[in-house]
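One structure, as structure tokens, below. Some questions next.
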There are 2 protein chains.
Amino acid sequence: MTDRPAIRRSPVKPCDCNLARSFELIGDRWTLLILRSAMYGVRRFDDFQAELDVPRSVLSARLAALVDAGIMERREYREEGQRARIEYPLTKMGAELGLPFFAMTAWGDKWLAEGEPAFGLRSRTSGRKLKVALVDERGKPVKPQDVQYVVRDEVWPPEEPAQPRRRSG
Amino acid sequence: MTDRPAIRRSPVKPCDCNLARSFELIGDRWTLLILRSAMYGVRRFDDFQAELDVPRSVLSARLAALVDAGIMERREYREEGQRARIEYPLTKMGAELGLPFFAMTAWGDKWLAEGEPAFGLRSRTSGRKLKVALVDERGKPVKPQDVQYVVRDEVWPPEEPAQPRRRSG
DNA sequence: CCTATTAGGTCCATATTTTGGACTTAGACT
DNA sequence: AGTCTAAGTCCAAAATATGGACCTAATAGG
């Protein structure tokens, strides 16, 4: 495990990486917590504020950034017999964060849990529990050992010739 | 879409939520970027520093926190004919962030991409492209419309009676 | 032996963000 | 006219981040 060659740079520079770009956008504590609440259906400024105890000025700035990024929408609405209010629903783009968030939840359930996980996903029709997994194009699940990274059509890390060598360039 | 009842609180309080706990641990820009590089195999202090251009003091603090959390390990090693060095490999706990990270990458590829995604996963044996998906216990993929949230054995959000009502309490 | 270099950090003064609280604005109700 | 609520804004104080210089141990070269 120690005798592999050292990898000194990622094959995808942070500035060209969509993962890094995502983190740029939503990778900050309050933003992530706001999105967590939003996934559960929370939509209003004061509700986010009360639930998370986030400073109002921070919440204001984060919501504006999320709207700007297209992850949430700022929308006026009126309940019957009520005055107009503002709500911040997730857009399609935002709702699709559900999958990474659920994968993250499963990780937390496994490694950080205190007690039973409170939350899960289920098939409406079959009633079976659901989980996040890697599947191939046909929907067939694959084993972790069978998974290979590919960067610009090359396998990563580069496969080594049988005998070790000192330096490659 | 606007006439659903307002959800004013998440069903899982942030402090009892393993997703929120995960964010507590790794939900910060530098930490996420460090982990991104680590997934690709970067292990050494100066390599993280050079790749990310992160201030050395911040890197030092973040690595210490990750080691403390059990996500990375701080380890001395010695390459043949070289002096001892320090490396920070991912632990099993850390490596299992791969799935949420890959789900996040796919989200970024879809919504933030400039050009073709540089990175993907593939089956070593079949050569087929892989993706993250929700599957049931038997490994059968499910459709998004078939997915239901469950919180402490209750469906979320609570299913409504057929006719709309003003207030529930 | 003396000096330079590298890896893996620490330390510190300055710059930026966050925080918590007070304040504002507008509509609806009493 | 006064009160309440939702959705913010504004500000001073506190906490963090930043960039750079500095430190230490081990090895390499002369």
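All values below were derived from every heavy atom in this structure, side-chain atoms included, with hydrogens, water molecules and symmetry-related copies excluded. Please read all numbers here as calculations on a predicted model, not as lab measurements.
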Between B:T91 and B:G94 (side chain of the first, backbone of the second, donor and acceptor by atom type, cut-off under 3.5 Å), is there such a pair?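 Indeed, once roles are kept as given, a pair shorter than 3.5 Å links the two residues.
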What does B:R74 touch in the nucleic acid at a heavy-atom separation under 4.0 angstrom: a base, only the sugar-phosphate, or nothing?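 Result for B:R74 = sugar-phosphate.
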Nearest whole Å is fine: how far is D:dA17 P from B:L52 CG?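 The answer, rounded to whole Å, is 15 Å.
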Dump every N/O contact between nucleotides 16-21 of chain C and the protein below 3.5 Å, one line per pair.
residue: C:dT18; atom: OP1; partner: A:R62; partner atom: NH2; Å: 2.9
residue: C:dT19; atom: OP2; partner: A:W30; partner atom: NE1; Å: 2.7
residue: C:dG20; atom: O6; partner: A:S57; partner atom: OG; Å: 3.4

Between the protein and nucleotides 25-30 of chain D, which nitrogen or oxygen pairs come in under 3.5 angstrom?
none

Worked check of side chain to side chain donor-acceptor pair (under 3.5 Å) between A:T125 and B:D146: CA-CA 7 Å; A:T125 53; B:D146 189 37; 3.0 Å; yes
Write down the distance between CD (B:E51) and C1' (C:dG8), rounded to a whole number of angstrom.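 Checked: the CD to C1' distance equals 18 Å.
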Within the 4.0 Å heavy-atom criterion, would you say A:F48 contacts the bases, only the backbone, or no part of the nucleic acid?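 Since no nucleic acid heavy atom lies under 4.0 Å of A:F48, the category is nothing.
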Please pick, from D:dA6, C:dG9, D:dG8, the nucleotide with the shortest atom-to-atom distance to any side-chain atom of A:I86.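 Selected nucleotide: D:dG8.
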Would you indicate which nucleotide in C:dG9, C:dA7, D:dA6 comes nearest to any side-chain atom of B:S60?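 Comparing C:dG9, C:dA7, D:dA6 against the side chain of B:S60, the answer is C:dG9.
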Answer yes when A:D46 and A:R56 have at least one side-chain N-carboxylate O distance shorter than 4.0 Å, and no when they do not.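 Salt bridge between A:D46 and A:R56, a charged N being under 4.0 Å from a carboxylate O: yes.
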Is the phosphate of D:dA6, meaning OP1 or OP2, less than 4.0 Å from a side-chain N or O of A:Y77?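 For D:dA6, neither OP1 nor OP2 has a side-chain N or O of A:Y77 closer than 4.0 Å.
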Atom-to-atom span, CZ of A:R29 to P of D:dA15 - whole angstrom: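 Taking CZ of A:R29 and P of D:dA15, I get 16 Å after rounding.
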How long is the line joining CZ of B:R44 and C1' of C:dT6, in whole Å?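 It works out to 9 Å between those atoms.
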